[in-house]
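Report on the structure given below.
When a ligand or atom number is given, it counts from 1 through the structure's own listing order.
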Amino acid sequence: MARNKISVIGAGNVGATVAHKVAEMEIGDVVMVDIIDGLPQGKGLDLLESSPIEGFDSKIVGTMGYEETAHSDVVVITSGVARKPGMSREDLLDTNKKIIESVVGKVVENSPNAILIMVANPLDTMTYLALRRCGFPKNRVMGMAGILDTARFKTFISMELNVSIEDIQTVILGGHGDEMVPLPRYTTVSGIPILQLLPEEAIDRLLERTRKGGGEIVSFLKTGSAYYAPGAAAAQMVEAILKDKKRILPCCAYLEGEYGLSDICFGVPVKLGANGVEKVIEVELNAEEKELVSKSAESVRKSIAALKL
Ligand SMILES: NC(=O)c1ccc[n+]([C@@H]2O[C@H](COP(=O)([O-])OP(=O)(O)OC[C@H]3O[C@@H](n4cnc5c(N)ncnc54)[C@H](O)[C@@H]3O)[C@@H](O)[C@H]2O)c1
């Protein structure tokens with residue numbers, strides 16, 4: 001039986017991290033593609049040489065061409081410029097639009113049955129762009145953001161309460177920007193609502209830090225943006241798909257009426273399995289939450305409009 005094939009486009013910080021994680025998980029062989037001569041080859045070989053130490057049998061290869069990506073089961077698209085201090089994700093739109101448009105055609109040509117996971121920013125907009133350009137059904141194109149955003153919120157809750165991250169559950173809706181919609185009403189520690197464990201002031205502070213979580217890392221790093229947590233998040237999506245786990249995870253998915261929204265890629269809880277996005281799950285929202293969701297959707301729509309498709 002052939003192994004699964006996972007291709008990662010862009011062998012930069014996020015791409016190499018995803019490649020490393022999925023190789024360690026032994027969920028498939030990995031192909032990394034980049035346009036910088038030597039970068040994917042060098043990182044690919046270096047990662048492969050870590051396999052005898054770490055004890056994984058996945059093969060990893062880095063290349064500048066797409067032939068090696070042929071018949072991929074999952075393709076993670078990380079190619080694109082990252083933020084520097086003072087930049088918003090929207091500032092990346094024009095450059096990353098060109099990169100994504102140049103990449104998607106080659107991916108599709110070589111792997112017409114793959115599932116695409118978008119990572120490049122602005123995330124919801126690049127997911128929409130990829131969906132429009134690849135011609136795949138909506139279940140086979142999605143974006144990674146919600147797993148990262150919820151991971152940040154969980155981290156801050158765990159730090160505040162000094163409890164295990166394993167017991168924290170939460171839901172975040174909306175676009176992957178400062179207007180994301182974390183839902184404290186759906187946040188629990190071992191089933192206990194967070195609202196019973198922390199005062200409102202503390203929750204608001206953690207929510208604000210979560211919304212600006214990407215910017216916080218950018219302001220530390222100065223030369224780029226986060227990649228360990230984003231890489232782990234994308235790898236978790238690949239695992240859910242290739243192991244057909246039917247996990248319920250927050251992902252950017254194309255909506256057709258869910259949450260009252262249509263023709264938009266937006267962060268929502270989905271069931272993730274062998275068929276990609278197998279179901280969008282709608283949670284009940286109160287008036288205030290609905291208002292925040294529509295504000296977030298408005299800014300994603302503005303960004304999608306800037307694509308001028
Ligand atoms: N969705 C999220 O939550 C999230 C989180 C972190 C980063 N990101 C985004 O992911 C993208 C990558 O971030 P990074 O930190 O890895 O950046 P990086 O600069 O380290 O890596 C990007 C890589 O893409 C490559 N590339 C550029 N054009 C290409 C093309 N046409 N074909 C193949 N490769 C190409 C570059 O050579 C570079 O190696 C950025 O757009 C960033 O904003 C998204």
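- The closest side-chain donor-acceptor pair between S303 and E90 falls under 3.5 angstrom.
- Those atoms of ligand 1 with a heavy atom of L92 less than 4.0 angstrom away are 43 (O).
- For atom 3 (O) of ligand 1, the closest non-hydrogen atom on the protein side is H176 NE2, 3.0 Å.
- Of all the heavy atoms of A233, none lies under 4.0 Å from any atom of ligand 1, so neither backbone nor side chain is involved.
- Residue-to-ligand polar distances keep A11 apart from ligand 1: every N/O pair is separated by 3.5 Å or more.
- Below 4.0 Å from some heavy atom of V103 lie the following atoms of ligand 1, by number and element: 30 (C), 31 (N), 32 (N).
- Taking every non-hydrogen atom of N96 and a distance limit under 4.0 Å, the qualifying atoms of ligand 1 come out as 41 (O).
- Near L39, meaning under 4.0 Å from any of its heavy atoms, are these atoms of ligand 1: 39 (O).
- Taking the charged nitrogens against the carboxylate oxygens, E239 and K245 have no contact shorter than 4.0 Å, which rules out a salt bridge.
- Looking at Y227 next to ligand 1, no N or O pair under 3.5 Å apart turns up.
- The contact set between ligand 1 and V81, taken as ligand atoms under 4.0 Å from a residue heavy atom, comprises 40 (C), 41 (O), 42 (C), 43 (O).
- Under a 4.0 Å heavy-atom criterion, G224 is not in contact with ligand 1.
- Looking at atom 12 (C) of ligand 1, its nearest protein heavy atom turns out to be T78 O, 3.0 Å.
- Looking only at protein heavy atoms, the nearest one to atom 20 (O) of ligand 1 is N13 N, 2.8 Å.
- Close approach of ligand 1 to I36 is summarised as follows: ligand atoms under 4.0 Å from at least one heavy atom of the residue are 37 (O).
- Taking atom 8 (N) of ligand 1 as the reference point, the nearest protein heavy-atom neighbour is N121 ND2, 3.4 Å.
- Protein heavy atom nearest atom 34 (N) of ligand 1, with residue, atom name and distance: S79 CB, 3.5 Å.
- Of all atoms in ligand 1, numbered sequentially from 1 with element shown, those under 4.0 Å from a heavy atom of P230 are 5 (C), 6 (C).
- Scanning all protein heavy atoms for the shortest distance to atom 22 (C) of ligand 1 gives G80 O, 3.3 Å.
- Partners of S294 according to the side chain to side chain donor-acceptor pair (under 3.5 Å) rule, which considers only residues two or more places apart in sequence or in another chain, do not exist here.
- Listed by chain and residue number, E289 satisfy the side chain to side chain donor-acceptor pair (under 3.5 Å) test with R185 (two or more places apart in sequence, or in another chain).
- In terms of polar-atom proximity, defined here as any N/O pair under 3.5 Å, S225 makes no such contact with ligand 1.
- Residue contact check: S102 has heavy atoms under 4.0 Å from atoms 31 (N) of ligand 1.
- The protein heavy atom nearest to atom 1 (N) of ligand 1 is M144 O, 2.8 Å.
- For atom 16 (O) of ligand 1, the closest non-hydrogen atom on the protein side is V14 N, 2.8 Å.
- D263 has a carboxylate O that lies under 4.0 Å from a charged side-chain N of R132, or vice versa, which qualifies the two as a salt bridge.
- Residues I9 and V75 meet the side-chain proximity criterion, which asks for heavy atoms closer than 4.5 Å.
- With hydrogens and angles left out, the side-chain atoms of S7 and T69 include no donor and acceptor closer than 3.5 Å.
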